[in-house]
Amino acid sequence: MPVELIEEKLPGSLPVHLVARDGLEATGVASAAVAWARANGFSGEPGRTLVVPGENGALGGALFGIGEGEGALALGALSKALPEGDWHFASVPADPELAATALVLGGYVFTRYGKKPGKALRFELPSRVDAGRVRRIADGVFLTRDLVNTPTSDMGPEDLEQAVRTLAGRHKAEVSAVKGDDLLDQNFPMIHAVGRASAGAPRLIDMRWGQQGAPKVTLVGKGVCFDTGGLDIKPSSGMLLMKKDMGGAANVLGLASMIMAAGLNLRLRVLIPAVENSIAGNAFRPGDVLTSRKGITVEIGNTDAEGRLVLADALALADEEEPQLLVDMATLTGAARVALGPDLPPFYTGDEALAADLAAASIVAEDPLWRMPLWRPYDAKLSSKIADINNVTTDGFAGSITAALFLKRFVEKTAGWAHFDIFAWNPADRPHGPAGGEAQGIRALERIISKRYG
């Protein structure tokens, strides 16, 4: 990690002073540092770092603007702005654990294809912070980012399965996979239909960890490794980011990494339908009718609404076990981005206690989430004249809601279900992460799951 958290005192480390807007004097820094700040136009504006000179040309520390009380994740900007060396906070941040997490997350660099690692910083861990937990969270986020950032040439269905097996090996989890035509034999027809046109065989990856008899938590992640749109082909501009269409799978694997590393008292299951929605002579077509694992027949109104099809078969399997908590995550709809933008993923659930926990945890973790309604009257928009249901609506309205309602039909037994329609991508650099693949919702979910099953 470019930013290393050190639990013991670092002799000679330099201080970072957190400065509120127009609050230089309140920090207690030396008058020379105040004069330097004023000469450089620094007044505590949020996100700005100013390195302060010391004696004889040495560094004397740094000032970081927190404005009117910016969130702790803003401190991630320090990982890029500070010179290499040893540092510590001059005063304890308002949320020391989240501040430490921000420092590590902000130092992330995706280096697989030759980009050089970031600067090496050592930062003294603030007091009362669980260093192990910070590292578990960062490792999970970094796994998610790495998977999403990897192009499909190196992250097809087979590669995604190998990533699951690598994570499982680290934590002594069990992995199985149903592949190719075996999907038909074992009743996963919609996963097979979506992925059969690809050179990489479609598959359902199944990872299990934890003690038998412990409370069951199941995570389902959309693993569409690339989405051409199928025969309803996307324009070229719409395909540029489609390597990230397995962002749901990447996020549930990041969350699974956090859970297993913490050794929580639960029985974890992770289900990932891994496919590539390609175009070939055997591709599924608009107007086809597919029979799902659950027996519900689905008319294909658009082959570019494939994510809900593979999720439906996986959710039906998950629901058969009736876990205490069932979470699915997917880069599912553009409608969610239109409604809430790239940084605020909507979630859907009929479990009021879970909804309240998610709302609270998202604020504490600075992991934004927003509840959207499972508005039952919109269910009729998914009607079909020849099948039980259509995979899209005809009017295009409420696209994220109707996608959630589609999935809800495949979860009947599990009361504690939540669906997350995520983007899994930072369109621009942010203090706690660069442009590229991103973990969304999993730090909030980790708080809830740790509290319930810790």
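Keep in mind the model is a prediction, meaning the values are calculated, not measured.
For Phe64, there are no ring-ring contact (aromatic ring centres under 6.0 Å, His included) partners at least two apart in sequence or on another chain. Ile279 pairs by the side chain to side chain contact (heavy atoms under 4.5 Å, CB included) definition with Thr228, Leu231, Ile233, not counting sequence neighbours. With sequence neighbours excluded, the residues that form a side chain to side chain donor-acceptor pair (under 3.5 Å) with Glu446 are Arg133, Ser450. Every residue two or more places apart in sequence or in another chain that forms a side chain to side chain contact (heavy atoms under 4.5 Å, CB included) with Asp206 is listed here: Ser176, Arg208, Arg269, Leu271. The ring-ring contact (aromatic ring centres under 6.0 Å, His included) test applied to Phe89 returns Phe123, not counting sequence neighbours. Remark: Glu366 pairs with Ala72, Leu73, Leu98 by the side chain to side chain contact (heavy atoms under 4.5 Å, CB included) rule, at least two apart or across chains. Checked against side chain to side chain contact (heavy atoms under 4.5 Å, CB included), Lys80 has no partners two or more places apart in sequence or in another chain.
When side chains are defined from C-beta on, Pro96 counts as touching Val129, because their heavy atoms get closer than 4.5 Å. When side chains are defined from C-beta on, Leu325 does not count as touching Thr414, because their heavy atoms never get closer than 4.5 Å. Between Phe226 and Met239, the closest side-chain pair of non-hydrogen atoms falls below 4.5 Å. Put simply, the side chain of Glu320 reaches to within 4.5 Å of the side chain of Arg293, judged on heavy atoms. Within the 4.5 Å cutoff, the side chain of Thr218 has heavy atoms near those of the Val220 side chain. Side-chain atoms of Phe410 and Asp313, non-hydrogen and from C-beta on, never get closer than 4.5 Å to each other. The closest side-chain heavy-atom distance from Val134 to Asp130 is not below 4.5 Å. With contacts defined as side-chain heavy-atom distances shorter than 4.5 Å, the pair Leu317/Asp319 does not qualify.
Judged by distance alone, the side chain of Trp209 and the main-chain N or O of Lys172 form no donor-acceptor pair under 3.5 Å. A donor-acceptor pair is defined here as one N or O able to donate and one able to accept, closer than 3.5 Å; such a pair exists between the side chain of Arg203 and the backbone of Ala201. Counting only distance, with no hydrogens or angles, the side chain of Asp245 and the backbone of Cys225 share no donor-acceptor pair below 3.5 Å. Within the 3.5 Å criterion, the main-chain N or O of Asp388 finds a donor-acceptor partner in the side chain of Thr297. Remark: the backbone N or O of Arg136 is not paired with any side-chain donor or acceptor of Asp139 at under 3.5 angstrom. Between the side chain of Thr111 and the backbone N or O of Lys115, no donor-acceptor pair lies under 3.5 Å. The backbone N or O of Ala365 sits less than 3.5 Å from a side-chain atom of Arg443, completing a donor-acceptor pair. In terms of modelled atom types and a separation under 3.5 Å, the side chain of Ser198 and the main chain of Gly195 share no donor-acceptor contact. Of the possible donor and acceptor atoms, one in the side chain of Ser384 sits under 3.5 Å from a partner among the backbone N and O of Ile386.
Listed by first and then second residue, the ring pair (Phe, Tyr, Trp, His ring centres under 6.0 Å) pairs that reach into residues 312-340 come to none, sequence neighbours excluded. Among residues at least two apart or in separate chains, ring pair (Phe, Tyr, Trp, His ring centres under 6.0 Å) pairs with a member in residues 343-365 are Phe347-Phe420, Tyr348-His419.
In summary, Asp328 and Lys222 do not engage in a salt bridge, as defined by a charged side-chain N under 4.0 Å from a carboxylate O. Under the 4.0 Å criterion applied to side-chain N and carboxylate O atoms, Asp357 and Arg452 are assigned as salt-bridge partners. Using a 4.0 Å cut-off between charged nitrogen and carboxylate oxygen, Arg371 and Glu352 count as a salt-bridge pair. Looking at Arg122 and Glu84, no side-chain N of the basic residue comes within less than 4.0 Å of a carboxylate O on the acidic one, giving no salt bridge. The residues Arg135 and Glu7 are annotated as salt-bridged, a charged nitrogen and a carboxylate oxygen being separated by less than 4.0 angstrom. At a threshold of 4.0 Å, the pair Arg285-Asp288 counts as salt-bridged, since one of the basic side-chain nitrogens sits closer than that to a carboxylate oxygen. Between Arg112 and Asp146 there is no salt bridge, since no side-chain nitrogen of the basic residue lies less than 4.0 Å from a carboxylate oxygen of the acidic one.
The residue from Thr394, Thr402, Asp395 that alone fulfils the side chain to side chain donor-acceptor pair (under 3.5 Å) condition with Lys381 is Asp395. Between Trp417 and the choices Leu354, Val327, Leu326, Thr349, the side chain to side chain contact (heavy atoms under 4.5 Å, CB included) rule is met once, by Leu326. For the side chain to side chain donor-acceptor pair (under 3.5 Å) criterion with Asp227, the lone passing option out of Thr303, Thr152, Thr331, Asn277 is Asn277.
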Val104 and Val141: side chain to side chain contact (heavy atoms under 4.5 Å, CB included), yes or no, with the steps? CA-CA 10 Å; Val104 180; Val141 170; over 6 Å; no
Report the C-alpha separation of Glu45 and Arg21 in whole Å, then their side-chain angles, then the decisive distance to 0.1 Å, and conclude whether the side chain to side chain contact (heavy atoms under 4.5 Å, CB included) test is met. CA-CA 6 Å; Glu45 57 270 35; Arg21 189 181 294 277; 4.1 Å; yes
Going through the checks in order, is the salt bridge (charged side-chain N to carboxylate O under 4.0 Å, His left out) test met by Arg196 and Asp181? CA-CA 9 Å; Arg196 69 192 182 205; Asp181 289 345; over 6 Å; no
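Within a 6.0 Å sphere centred on CZ of Phe110, other residues, nucleotides and ligands contribute more than 12 heavy atoms. The environment of Lys408 atom NZ is sparse: at most 12 non-hydrogen atoms of other residues, nucleotides or ligands sit within 6.0 angstrom.
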Do any side-chain atoms of residues 333-340 form donor-acceptor pairs under 3.5 angstrom with protein atoms, and if so which ones, sequence neighbours left out?
| from | atom 1 | to | atom 2 | distance (Å) |
| --- | --- | --- | --- | --- |
| Thr333 | OG1 | Ala336 | N | 3.1 |
| Thr333 | OG1 | Asp421 | OD2 | 2.6 |
| Arg337 | NH1 | Thr333 | O | 3.4 |
| Arg337 | NH1 | Ile422 | O | 3.2 |
| Arg337 | NH2 | Asp421 | O | 2.7 |

Please report, to 0.1 Å, the donor-acceptor pairs under 3.5 Å made by any side chain of residues 247-263, with sequence neighbours excluded.
| from | atom 1 | to | atom 2 | distance (Å) |
| --- | --- | --- | --- | --- |
| Asn251 | OD1 | Gln440 | N | 2.8 |
| Asn251 | ND2 | Gly247 | O | 2.9 |

Anything under 3.5 Å between a donor and an acceptor, one on a side chain of residues 423-436, the other on a protein residue two or more places apart or in another chain? List them.
| from | atom 1 | to | atom 2 | distance (Å) |
| --- | --- | --- | --- | --- |
| Asn426 | ND2 | Pro434 | O | 3.2 |
| Asn426 | ND2 | Glu438 | OE2 | 2.8 |
| Asp429 | OD1 | Ala435 | N | 2.7 |

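Side chains of Tyr108 and Asn149: a donor-acceptor N/O pair is present below 3.5 angstrom, by distance only.
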